[in-house]
Amino acid sequence: MSDTPVSVADQGAIRRITVNRPDKLNALNAATLDALLEAFEAAAGDPAVRVVVLTGAGPKAFVAGADIAEMSALSAVEGRDFSLRGQRLMRRIETLPKPVIAMVNGFALGGGLELAMACHLRIASDNAKVGQPEINLGLIPGFGGSQRLLRLAGRAAALELCLLGAPISAERAYQLGIVNKVVPADALEAETLQWAEQLAQAAPLALRGNLDVIHVGGECAIEEGLQYESAQFGLMFSTEDMREGTRAFLERRKPQFAGR
């Protein structure tokens, strides 16, 4: 049995957050949702952290879903509150001012796929399976799955996954745009850390600006999005990182970004 539902470890500027319930295939119960929210709040507020990698403990699952044993006993009001609890976590991850990479190391079903989709980037092992199987339990996605699938993969794919409830392969998920990259299982960690290290060396304020404009632009009309982009672009000219980046380019050297 796991001592804690979530473990946290740092590797330089990279923070690794692991759902640590391998005996339950890392299923999300209320305590795990709360622990994840606490971990992401801490990552957001720690200036030493520049990028977050999220994964699941053990070789079988990223997160196999919500904890059905806990969920099956909920009343209607409790079910709504459980959904809101999960959505609060997903929204916090989605709006984190630092890049979050989901390292999908096995099953990412139901709440697990919803958790992965809330991250900014997703790398999956070639043996991963993803899906929204809630229909098989007489349910619908409750942590934002219907909405993020619609935005990531389009209406046809969202309807297929939510109505049929069958898991799909990592390769099919890549084809639909649900994951960014598929790699052999034995290369998953190395490939994910390569992306994380690249992000950790990038300009933190520019990373935050990119996350911000893409998030805002995805939720508003094109003219509003363009205006917002211009405002944020101009704001970058007030940063030391922008001066360092342009100066390093002209001097043909590697920039040293400080996040100021």
Side-chain angles (χ1 to χ4, degrees), residues 5-6 8 14-21 26-45 49 51-56 61-67 82-124 128-134 140-154 157-158 161-162 168 170 173-174 176-181 192 195-196 199 207-208 210-219:
V6 172
V8 176
I14 302 166
R15 175 154 296 177
R16 185 164 174 163
I17 298 175
T18 303
V19 182
N20 189 34
R21 303 184 74 210
N26 303 318
L28 299 174
N29 59 7
T32 305
L33 292 173
D34 290 347
L36 280 169
L37 181 60
E38 182 179 350
F40 275 98
E41 290 287 6
V49 176
V51 58
V52 177
V53 172
L54 174 64
T55 193
F62 172 72
V63 167
D67 191 322
F82 185 62
S83 172
L84 291 172
R85 196 178 208 147
Q87 288 191 12
R88 185 162 55 248
L89 167 65
M90 307 307 167
R91 195 64 171 162
R92 186 65 189 104
I93 296 171
E94 191 171 52
T95 59
L96 207 78
K98 303 171 184 184
V100 182
I101 306 173
M103 185 167 73
V104 182
N105 52 316
F107 291 113
L109 304 174
L113 179 55
E114 291 170 309
L115 186 63
M117 289 192 296
C119 298
H120 304 123
L121 297 167
R122 288 158 292 281
I123 301 180
K129 298 285 186 183
V130 310
Q132 296 291 165
E134 290 88 351
I140 68 171
F143 295 165
S146 63
Q147 302 308 300
R148 291 189 179 90
L149 262 179
L150 184 63
R151 287 161 171 78
L152 278 174
L161 267 69
C162 291
I168 61 174
Y174 171 74
L176 291 173
I178 297 171
V179 301
N180 299 94
K181 190 174 185 178
T192 304
W195 276 20
L199 290 168
L207 286 175
R208 181 173 185 169
N210 274 304
L211 292 171
D212 197 18
V213 296
I214 291 170
H215 175 71
V216 170
E219 305 299 326

Quick one: do Leu113 and Leu161 satisfy side-chain contact (heavy atoms from CB on, under 4.5 Å)? Show the steps, please.
CA-CA 11 Å; Leu113 179 55; Leu161 267 69; 4.3 Å; yes

CA sep, side-chain torsions, deciding dist, call: Ile168, Leu176, side-chain contact (heavy atoms from CB on, under 4.5 Å):
CA-CA 10 Å; Ile168 61 174; Leu176 291 173; 3.9 Å; yes

What do the steps show when you test Lys98 against Leu199 for side-chain contact (heavy atoms from CB on, under 4.5 Å), and what is the final call?
CA-CA 9 Å; Lys98 303 171 184 184; Leu199 290 168; over 6 Å; no

Evaluate the criterion side-chain contact (heavy atoms from CB on, under 4.5 Å) for residue pair Phe62 and Leu115; output intermediate values, then yes/no.
CA-CA 9 Å; Phe62 172 72; Leu115 186 63; 4.2 Å; yes

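Side-chain contact check for Pro97 versus Asp212: every heavy-atom pair is 4.5 Å or farther apart. Counting heavy atoms from C-beta outward, Arg16 and Met103 have side chains that approach closer than 4.5 Å.
With values rounded to the nearest 0.5 angstrom, Asn210 atom CG is found 13.0 Å from Arg208 atom CZ. Distance check, rounded to the nearest 0.5 Å: NE2 of His215 to CG of Leu96 gives 11.5 Å. Between the CD1 atom in Ile123 and the CH2 atom in Trp195 there is a gap of 4.5 Å [rounded to 0.5 Å]. The distance from the CD atom of Gln132 to the CZ atom of Arg148 is 10.5 Å, given to the nearest 0.5 Å. Rounding to the nearest 0.5 Å gives a distance of 10.5 Å between CD of Glu94 and CG of Leu211. In this structure, Leu109 CG and Glu134 CD are separated by 9.0 Å, a value rounded to the nearest 0.5 Å.
Scanning all heavy atoms of the two residues, the minimum distance from Ala66 to Phe82 falls at CB-CE2, 4.2 Å. For the pair Val63 and Gly111, the tightest heavy-atom approach, listed with the atom from each and the gap, is CG1-C, 4.4 Å. Taking every heavy atom of both residues into account, Cys119 and Ala102 meet most closely at SG-CB, 3.8 Å. The minimum heavy-atom distance between Phe143 and Met90, with the atom names listed, is O-CG, 3.4 Å. Minimum interatomic distance between Val179 and Ala124 (heavy atoms only, all atoms of both residues): CG1-CB, 4.3 Å. Of all heavy-atom pairs spanning Val53 and Ala196, the tightest one is CG2-CB, 3.9 Å.
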Which donor-acceptor pairs under 3.5 Å do the side chains of residues 36-45 make with protein atoms, sequence neighbours left out?
from  : atom 1 : to    : atom 2 : distance (Å)
Glu41 : OE1    : Arg92 : NE     : 3.2
Glu41 : OE2    : Arg92 : NE     : 3.3

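Under the 3.5 Å distance criterion, the side-chain polar atoms of Arg21 are left unmatched by any main-chain donor or acceptor of Pro5.
For residues 109-122, no pair satisfies side-chain hydrogen bond (donor to acceptor under 3.5 Å, both in side chains), with sequence neighbours left out.
Here the options are Val104, Asn26, Asn105, Val19, the test is side-chain contact (heavy atoms from CB on, under 4.5 Å), and the partner is Thr55; only Asn105 passes.
Residue-environment remark: CD1 (Ile140) stays at or below the threshold of 12 foreign heavy atoms within 6.0 Å.
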